[in-house]
Amino acid sequence: MSEDHASSSPGSWPARIWGLALLGGGIGVAIHFILPVPSISTESYGAAAVWQAPTPTQLALATFLGVAGLALGYVVERRGEALSLGFALLAGAVTAQVVGQAGAGGMESTEVWRLVCACLAVAIAAPLFQAWRERPAGRRLPEYAAAHDHAWTNLVLWFASFAFLGIVWALAFLLGALFDLIGIDLLRKLLERQIVEFSLTGAALWAGIGLLRDRSGLLGSLRRVISTVLAVLAPVLAAGLLLFVLALPFTGLAPLWAATRSTTPILLSVMAGALILLNAVIGDSDADALPSPLLRRAAMVLAAVLLPLAGIAALSVGIRVDEHGLTPDRLWAITFVIIATAYAAAAAAALFRGLPRLAGWQDRLRGGNLVLAMLVCGSALLLSTPLIDFGAISARNQLARLARGAVPPDRFDWAALRFDFGDPGRAALRRLAATGAPAVRERAAAALKAENRYVLAQRDDRQRRIAQGEVAIATLPAGRPVPPALRDILVRESDCFAQVACVLVFEAADSVLALPLDDREFFGGPTRFQLDKTGAWRNAAAPELAPTFRTDAARLEREAKLRAAVRAGRIELRPAPSRQQLYVDGKPLGSAFETNPPAR
């Protein structure tokens, strides 16, 4: 932070400290009464504890109060209280609308990224608003030095205020334990009550914000220390990235795709780190920039290598989209690549426009950063609203790929359409289940019925194992056809096709025992399936699934022999005392079991 800006910082304002402490405590109490969550205590654990999920309206209102209160704590000043309040209310509304749309059932990936965008928009808008409010007379846009300083100060304030909150709670617990030693448990019991938890948390957090903001010199010192420490790392990262870029012509890009599927996230993370270190070196102004020639040259290298890294990230995400189509996560990746490319292009333009002497490149980069910050803030605000629905865009793209045969139904990612694309994905599944081709209808209906991704993936894996001959299937009596409806429920609800072989014992026309066989001298136990009056098969007692692990050559050999024996029909049931025993290759397998269908 420059000395001029530090001297213009507002002085002590004790009323802000007490006002924010009261505001935080009040917000904590209000959220306690808004959210229908019982107090967490040793007395409330057990049968008496009833947990009720909050409604979308309750979640949105609680989010609005929390975010608006925090935003007000960060931006409120002696002058322009109405402007500060308006900004805080707008920040709360932006985040609350995202949480309210997600509903009480939990946030899917699409809503999570919208919430990230809403928080990003608020985080960028706060220092821009603070700098705009302090702009000189006659200037329409905020100054970069003020915006950059407020951004770093707000970041330091965020972590410092939560550290203060942790200290307050540590002291409260220690005092509670201290009085508990002499038989006074009132404080401990109070700390276990939710209304006290929320109110104390709010009062301590907001009081910490007020206390720290009243000591701007301390925050400025912390900010300078952090910037200096980060800047020292710039030469290390610059050298590493320069070597990486110079090595690419010799290694090619193929190893990037072979090494990991996370090429784009890794590159974006590296670029984010490079931008942070670059801005730590150049500071708010030329007077604030670190004087070390080594650090300045490292900053130039970082500015130069950002654009090649952005190009590789764009190519990486483009390859994934070309191979597998669009998904919400890939669209978000494209969005972040565009932002990273914009910053990389701004850095390269600022650096190379001053050739050959590179004069004034830092000032040009600061100006570009300010413009990009405003553009990113507006874009994040737009992306946090439902005006742009990545789930709907992805669903249309994936359906088009399925319709033109770019991906067959058995390789289509039904789980993503069901669980990752939000309501548009589920609506697309309902259309496919009603109007698609038979293979598409069957898989779409199964995806709609799946309660979670694991169940759907398990079903697909078992069907793949059957199709590839990894499971041997036999029936007793031999040659008995397996109805499609029975086969479907066996795939979904039995351990039969998770093992090496499966023997289906038809006890009667409406009762079947499924015997899953593995490579050992026993099987998981018979499971009975019955045909009900509606003509649907049902599982009389769902088994506990136990996956088979193939780790050694001896086990693989035993599995192969077991499959061959079942396929060859070398299976029989021999009477045992009041029970029957399964024999494979003339050897008993597992325990004897009862085959008579139970009375119904």
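Keep in mind that the numbers below use all heavy atoms, side chains included, and drop hydrogens, waters and symmetry copies. One is the number of the first residue; the rest follow in order along the sequence.
At a threshold of 4.5 Å between non-hydrogen side-chain atoms, the residues R297 and P293 count as touching. Side-chain contact between W152 and S227 is present, with at least one heavy-atom pair separated by less than 4.5 Å. In this structure the side chain of Q130 never reaches within 4.5 angstrom of the side chain of D149, judged on heavy atoms. Contact annotation: the side chain of F412 approaches that of Q398 to within less than 4.5 Å [non-hydrogen atoms, C-beta and beyond]. Using a 4.5 Å heavy-atom cutoff, the side chains of S384 and Q97 are in contact. Using a 4.5 Å cut-off on side-chain heavy atoms (C-beta onward), R114 and F390 make no contact. At a threshold of 4.5 Å between non-hydrogen side-chain atoms, the residues L432 and L399 count as touching. Residues L331 and S394 form a side-chain contact, since some pair of their non-hydrogen atoms from C-beta on lies under 4.5 Å apart.
The closest donor-acceptor contact from the side chain of R366 to the backbone of A145 lies at 3.5 Å or more, if one exists at all. With hydrogens and angles ignored, the 3.5 Å screen pairs no side-chain donor or acceptor of R215 with any backbone N or O of G217. Using modelled atom types, one side-chain atom of W206 and one backbone atom of G69 make a donor-acceptor pair closer than 3.5 Å. Within the 3.5 Å criterion, the main-chain N or O of L275 finds a donor-acceptor partner in the side chain of N279. When atom types are taken as modelled, the side chain of S316 and the backbone of I312 share no donor-acceptor pair closer than 3.5 angstrom. With N397 contributing its side chain and L326 its backbone, the two residues share a donor-acceptor pair below 3.5 Å. For the pair R431 (side chain) and G436 (backbone), a donor-acceptor distance under 3.5 Å is absent. Between the side chain of R401 and the backbone N or O of H324, at least one donor-acceptor pair lies under 3.5 Å.
For the pairing with V67, the side-chain contact (heavy atoms from CB on, under 4.5 Å) check across L72, V99, T95 returns one residue only, T95.
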**Request:** Report the C-alpha separation of I226 and L155 in whole Å, then their side-chain angles, then the decisive distance to 0.1 Å, and conclude whether the side chain to side chain contact (heavy atoms under 4.5 Å, CB included) test is met.
**Result:** CA-CA 11 Å; I226 294 173; L155 184 63; over 6 Å; no

**Request:** Verify salt bridge (Lys or Arg N to Asp or Glu O under 4.0 Å) between R223 and D284, making sure each step is shown before the conclusion.
**Result:** CA-CA 12 Å; R223 183 261 205 214; D284 297 340; 2.9 Å; yes

**Request:** May I have the step-by-step check of side chain to side chain donor-acceptor pair (under 3.5 Å) for H150 and E134, ending in yes or no?
**Result:** CA-CA 11 Å; H150 280 299; E134 298 169 5; 3.0 Å; yes

**Request:** Please step through side chain to side chain contact (heavy atoms under 4.5 Å, CB included) for the pair L237 and L233, ending with a clear verdict.
**Result:** CA-CA 6 Å; L237 183 60; L233 300 175; over 6 Å; no

**Request:** Check the pair V270 / F244 against side chain to side chain contact (heavy atoms under 4.5 Å, CB included), numbers first and verdict last.
**Result:** CA-CA 12 Å; V270 169; F244 175 81; over 6 Å; no

**Message:** W158 vs Y74, test: side chain to side chain contact (heavy atoms under 4.5 Å, CB included). Steps then yes/no.
**Reply:** CA-CA 9 Å; W158 173 269; Y74 275 74; 3.3 Å; yes

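Between F164 and W169, the distance from one ring center to the other does not fall under 6.0 angstrom.
Atom CG of L307 is separated from atom OH of Y343 by 15.5 Å, given to the nearest 0.5 angstrom. Note that the CG atom of L375 and the CD1 atom of I124 stand 10.5 Å from one another [nearest 0.5 Å]. Note that the CH2 atom of W414 and the CG atom of L429 stand 6.5 Å from one another [nearest 0.5 Å]. A distance of 12.0 Å separates CD1 of I282 from CG of L277, quoted to the nearest 0.5 Å. The line from CG of N369 to CD of Q362 is 11.5 Å long, rounded to the nearest 0.5 Å. To the nearest 0.5 Å, atom SG of residue C377 and atom CG of residue L120 are 7.5 Å apart.
In this structure, R135 satisfies the cation-pi test against W132, with its NZ or CZ atom closer than 6.0 Å to the six-membered ring centre and inside 45 degrees of the ring normal.
Ion pairing of D329 with R320 is absent here, as no side-chain N (NZ or NE/NH1/NH2) approaches a carboxylate O to less than 4.0 Å. Ion pairing of R213 with E77 is present here, as a side-chain N (NZ or NE/NH1/NH2) and a carboxylate O approach within less than 4.0 Å.
Scanning all heavy atoms of the two residues, the minimum distance from A93 to F64 falls at N-CD1, 3.5 Å. Heavy-atom minimum distance, A303 versus L351: CB-CD2, 4.2 Å. A299 and L278 get closest at one heavy-atom pair: O-CD1, 3.3 Å. The heavy-atom pair separating G100 from A60 by the smallest distance is CA-CB, 3.8 Å. Here the closest non-hydrogen pair linking L268 and A333 is CD1-O, 4.5 Å. Residue A274 comes nearest to L241 through the heavy atom pair CB-CD1, 4.2 Å, listed as atom of the first residue, atom of the second, then distance.
The 12-atom threshold is exceeded at CZ of F162, counting heavy atoms of other residues, nucleotides or ligands nearer than 6.0 Å. The number of heavy-atom neighbours closer than 6.0 Å to CZ of R411, taken from other residues, nucleotides and ligands shown, is 12 or below.
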